[in-house]
Every structure is written in structure tokens, then in C-alpha cells.
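Okay, structure first, notes after.
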Amino acid sequence: MRKLLSLGQSRQIRPLDRAFFNRDPRRVARELLGKVLVRKRDSGQMNPARRVARIVEVEAYMGAEDPAAHAAAGNTARTAVLFGPPGHAYVYFIYGNHYCLNVSCQPEGRAGSVLIRALEPLSGIEAMAGARGIEIHGAKDLTKLTSGPGRLAQAFGITRARDNGCDLSSGAGSLWIGEDEYRASGIRRTPRIGITKATDKALRYMLAGNAFVSGRKMVG
DNA sequence: TTATGGATTAGCT
DNA sequence: GCTAATCCATAAA
């Protein structure tokens with residue numbers, strides 16, 4: 001049986017600064033692989049432990065020139081965060097059931113974002129399972145926690161009401177993105193998943209061979 | 001005011 | 001592999 005926690009434990013985590021996100025979404029997407037998403041200890045939860053998981057799959061979405069991007073509809077109440085300052089959470093509700101998490105990129109006034117599609121849990125696994133409403137009976141069940149954009153949002157308690165528009169840089173908020181000693185390798189690109197427009201563009205980025213990548217994986 | 005469709009998931013065949 | 005579930009934001013009227 002292959003080891004699932006291939007990306008190791010996370011030690012000290014330092015927040016990414018706003019400048020990290022103030023770039024082309026394709027660059028931000030690639031560099032987000034291997035970084036970690038952190039949900040601070042939440043005393044309101046049944047299991048309040050801090051949740052940490054490594055980013056293993058993302059997709060880049062551009063501005064008006066990308067017909068698959070929500071930003072292509074223009075700056076509306078829904079998409080305002082995409083046009084705001086970089087490093088902020090764009091959370092949307094989809095298919096009547098699921099929330100998805102993006103990070104805004106580019107300077108204020110220019111749209112662009114990165115969709116977080118899959119994570120590898122590092123700590124707070126019981127809290128994630130509790131938020132998902134499932135039980136973990138073995139290593140094989142771990143992928144049910146954070147493999148897929150809707151699943152990871154639920155595992156981290158991410159909702160539009162709670163997190164849309166919040167700052168993910170600086171580490172000041174409840175939800176933030178940071179880095180530790182890990183350095184990503186084996187990055188692959190494929191077309192994006194689940195969209196009907198601009199399906200030819202290879203804007204999905206993943207860590208090759210990682211068991212937590214959603215949908216079709218790529219072998220290392 | 002109403003109609004439409006979607007950056008998904010779980011469960012079943 | 002196939003499909004129902006489910007509801008918000010948008011656009012049309």
C-alpha cells in the first residue's frame with residue numbers, strides 16, 4: 001500500500017504576503033501547489049482543533065478574456081471580490097449543495113483567481129471529518145475529506161456568509177494560506193474540470209501522483 | 001417576478 | 001459510468 005501522507009507533517013507555517021497573490025493567476029496557481037491552507041482553532045465547533053492541509057490541485061481563472069471565469073460576467077455583487085485586492089477569498093455556492101474556495105489575484109480592478117480543488121490533510125483530521133459528517137476508518141478514507149473543491153470547503157467549514165471577501169494573506173483571519181519547508185515538485189498541467197467553455201486551455205495544475213488530486217490524476 | 005443553469009458530489013449500476 | 005439532488009445569482013420580462 002502506497003503511503004498517503006506523502007507530503008509529510010507541517011512545522012512552522014508562515015503566512016504568504018499580499019504580493020504573492022498580486023500576479024498572473026497562472027503563476028499564482030503553480031506556486032500555490034505545496035502551500036498550506038489553515039483554519040484557525042474554532043471554539044464554536046464540536047472539535048475545535050486547528051485544521052491544516054497542503055494544496056495539491058488548483059485551477060487558474062482569468063478575467064474578461066476567460067469565458068469559463070465568473071469574472072467574465074463583469075463586476076457584479078457576486079463577483080466583486082474577484083475585482084478587489086489580491087489575496088482575498090472568493091467563495092461561491094454551486095449545484096445547490098457545495099461551496100468552492102478561490103483566492104483573488106491581480107491588483108485591485110483586475111479580475112483573476114485560483115480555485116483550490118484538492119488538499120492533503122496534515123492536521124486537524126478529526127475536525128475535518130466532523131465537519132464533513134463522515135467517519136475515517138483507514139488511510140483510504142482520508143481522500144473523502146479534502147479531494148474535490150466542495151469536499152475541502154466543507155471540511156474547513158468554508159461558507160459564503162462566513163468567508164467570502166476575507167483576507168487569506170497575512171494570517172490575521174480565521175482562514176489563511178501559508179508556507180512551510182515543503183517545496184513542490186512534479187507539477188503537471190491539464191485542462192480544467194467541470195466547465196463547458198474554454199475547455200482547451202490547460203489551466204489545471206496538480207502534483208503528479210498525489211492520491212488526493214480529484215478526478216483524473218496523472219502518474220508521476 | 002420568474003426561469004435558467006452551474007468551477008460538484010454521492011450513490012447506484 | 002450515469003444521474004438526481006438542490007438553491008443561489010443572474011438575466012429576462
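Residue numbers begin at 1 in each chain, while the letters A, B, ... track the order of the sequences. No experiment lies behind these values; they were computed from the predicted model shown.
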Test: A:Arg54 cationic atom under 6.0 Å from A:Tyr182 six-membered ring centre, within 45° of axis:
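Pair A:Arg54/A:Tyr182 counts as cation-pi.
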
Aromatic A:Phe20 / basic A:Arg23 pairing, under 6.0 angstrom, 45° off normal:
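Cation-pi check for A:Arg23 and A:Phe20: passes.
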
Nearest whole Å is fine: how far is [N] [atom2] from [X] [atom1]?
X        : N      : atom1 : atom2 : value
A:Arg151 : B:dA10 : CZ    : C1'   : 8 Å
A:Tyr90  : B:dA7  : OH    : C1'   : 9 Å
A:Tyr99  : C:dT6  : OH    : P     : 15 Å
A:Asn164 : C:dC8  : CG    : C1'   : 13 Å
A:Leu82  : C:dT10 : CG    : P     : 11 Å
A:Arg78  : C:dA9  : CZ    : C1'   : 6 Å
A:Asn97  : B:dT8  : CG    : P     : 12 Å
A:Tyr95  : C:dA5  : OH    : C1'   : 13 Å

Hey, is the main chain of A:Phe83 close enough, under 3.5 Å, to the side chain of A:Ser104 for a donor-acceptor pair?
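Checking the backbone N and O of A:Phe83 against the side chain of A:Ser104, no donor-acceptor pair under 3.5 Å is found.
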
Report yes or no: does A:Ser147 contribute a side-chain atom to a donor-acceptor pair with the main-chain N or O of A:Lys144 at less than 3.5 Å?
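No: the side chain of A:Ser147 does not pair with the backbone of A:Lys144.
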
Please confirm whether any donor atom in the side chain of A:Tyr92 sits under 3.5 Å from an acceptor in the base of B:dA7, or the reverse.
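Checked by distance alone, the answer is yes.
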
Between [N] and [X], is there an OP1 or OP2 to side-chain N/O distance shorter than 4.0 Å?
X        : N      : answer
A:His70  : B:dA7  : yes
A:Arg132 : B:dA10 : yes
A:Arg204 : B:dA7  : no

Selection from [options] that lies nearest to any side-chain heavy atom of [X]:
X        : options              : value
A:Ser113 : C:dT10, B:dT9, B:dA7 : B:dA7
A:Ala73  : B:dT8, B:dA7, C:dA11 : C:dA11
A:Phe93  : B:dA7, C:dT10, C:dC7 : C:dC7
A:Arg160 : C:dA9, B:dA7, C:dT10 : C:dA9

Most 5' of A:Lys144 and A:Ile195 on DNA chain B, judged by nearest nucleotide
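This one resolves to A:Ile195.
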
If you pin A:Thr196 and A:Pro149 to their nearest nucleotides in DNA chain B, which one's is more 5'?
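The residue mapped nearer the 5' terminus is A:Thr196.
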
Could you pick out which residue, A:Ala77 or A:His98, lies toward the 5' side of DNA chain C when each is mapped onto its nearest nucleotide?
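Comparing both residues, the 5'-ward one is A:His98.
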
For A:Ser214, which contact category applies under a 4.0 Å heavy-atom criterion: base, sugar-phosphate, or nothing?
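It contacts nothing in the nucleic acid.
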
If you look at every strand shown and take non-hydrogen atoms under 4.0 Å, does A:Arg192 touch a base, only sugar-phosphate, or nothing?
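Nothing, no nucleic acid heavy atom in range.
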
A:His70 and A:Tyr92 aromatic centres sub-6.0 Å
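Distance test on ring centres: under 6.0 Å, yes.
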
State the pairing partner of C:dT6; accept Watson-Crick or G-U wobble contacts with both distances under 3.5 Å, and report none otherwise.
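Its partner: none found.
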
Applying a 3.5 Å limit to both distances, which nucleotide forms a Watson-Crick or G-U wobble pair with B:dA7?
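B:dA7 is paired with nothing.
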
Using the salt bridge (charged side-chain N to carboxylate O under 4.0 Å, His left out) rule, take A:Glu59 and A:Arg117 through it: C-alpha gap first, then chi angles, then the decisive distance, then the call.
CA-CA 7 Å; A:Glu59 284 176 358; A:Arg117 285 197 55 91; 3.7 Å; yes

